[in-house]
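Single-structure report; data block below.
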2 protein chains.
Amino acid sequence: MRASSIPVDAKTLNRMAAQARVLKALAHPTRLFIVDQLSRHEICVCELTDLIGADISTVSKHLSVLRSAGVLTDERRGAQVFYRLRTDAVRPVLAGAREIVQSFAREQVELAKAG
Amino acid sequence: MRASSIPVDAKTLNRMAAQARVLKALAHPTRLFIVDQLSRHEICVCELTDLIGADISTVSKHLSVLRSAGVLTDERRGAQVFYRLRTDAVRPVLAGAREIVQSFAREQVELAKAG
DNA sequence: TGAACATTTGGCCAATTGGCCAAATGCGTG
DNA sequence: CACGCATTTGGCCAATTGGCCAAATGTTCA
């Protein structure tokens, strides 16, 4: 017989939802690329648009998602708007995701050899 | 005049897509809750289902997403299947997301005070 | 103020996702 | 083998998302 478990409380679920929102903001190739670039130095919308090659409005919406999730901040300087990381707490998320992918790839290779 | 930027190469985009897939797997309240629980100790599907209170098939599909993204591994022991983190690299992702949410909340409070 | 540039917002459509139910599969025991 | 329990898979539907275009907004400068 299995131990019966008490269901999650609403508070925990809310915390999970808040954190999931942050991760969701990062969980898109274009948005992750943006954040990766901004982890090096701030960049304006127009230059990001050049880098990405999508419609400016698309890039702007991605930036809006990242900003309202608390990942990025923006600062207007003249006609341009520059974006940068809002907090260094973003870095371990990027690094972790990178490492998960790498170690998973290595593991798959091992399994293939063994296979 | 702005510096013109060279568009991203396909290789970088592929890397971003791979990492985004991992983050996407984590970017769901229920799945994040599962991973958070498993960051403490391994748990079987049936107990996770108790904890979450959703349909077993729903939980199983969430676990499948996390497993095929390289976040979790599973091990069958008798009739039960136990899941656990596949790598410790998952931890900094969780911690980072938590801290982003916290610092953003603090910042919002400050802004509200400042009016 | 009007032209030119930078950015955001609204609207629309195709594609993806998350949930449940039902059915299939895997494993241990009598 | 047949039953019971644990888990996965298939099918279906409602809701969300990401992309582009068009239009609105903000800023500089003549």
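In what follows, chains are A, B, ... by sequence order, proteins preceding strands, each numbered from 1.
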If Ile, Leu, Val, Met, Phe, Trp and Tyr residues are connected whenever their side-chain heavy atoms lie under 4.5 Å apart, and connections chain through other members, are B:V65 and B:L38 in the same group? no

Earlier contact from the 5' end, DNA chain C, for B:D55 and B:V65: B:V65

Check the distance between [N]'s [atom2] and [X]'s [atom1] and give it to me in whole angstrom.
X     : N      : atom1 : atom2 : answer
B:F33 : C:dG18 : CZ    : P     : 18 Å
B:R76 : C:dT25 : CZ    : P     : 14 Å
A:I56 : D:dG26 : CD1   : P     : 17 Å
A:L72 : C:dT7  : CG    : C1'   : 15 Å
B:E47 : D:dC5  : CD    : C1'   : 16 Å
A:L26 : D:dG18 : CG    : P     : 12 Å
A:K61 : D:dC20 : NZ    : C1'   : 9 Å
B:L63 : D:dT7  : CG    : P     : 9 Å

Minimum-distance pair of heavy atoms, taken over all atoms of A:L85 and A:T73: O-OG1, 3.8 Å

Nearest heavy-atom neighbours spanning B:A69 and B:R21: CA-NH1, 4.1 Å

Under 4.0 Å between a side-chain N/O of [X] and OP1 or OP2 of [N], yes or no?
X     : N      : value
A:R77 : C:dA6  : no
B:S57 : C:dC20 : no
A:H28 : D:dT16 : no
B:Y83 : D:dA6  : no
A:T58 : D:dC20 : yes
A:H62 : D:dG19 : yes
A:K24 : D:dT17 : yes

Heavy atoms under 4.0 Å, any strand shown: does B:F82 hit a base, just sugar-phosphate, or nothing? nothing

Testing B:L66, B:I34, B:D74 for side chain to side chain contact (heavy atoms under 4.5 Å, CB included) with B:Y83, which one passes? B:D74

For the side chain of [X], starting at C-beta, report the closest nucleotide among [options].
X     : options               : value
B:T30 : C:dC21, C:dG19, D:dT8 : C:dG19
B:V81 : D:dA6, C:dT7, D:dT8   : D:dT8
B:C44 : C:dC20, D:dC20, D:dT7 : D:dT7

Would you check if B:R98 and B:D36 make a side-chain contact, meaning some heavy-atom pair closer than 4.5 Å? yes

When you measure from the side chain of B:S60 to the backbone N and O of B:I56, does any donor-acceptor pair fall under 3.5 Å? no

Both A:R31 and A:A79 contact DNA chain D. Which one's nearest nucleotide lies toward the 5' end? A:R31

Considering heavy-atom distances to DNA chain D, does B:R67 or A:A27 have its closest nucleotide positioned more toward the 5' end? B:R67

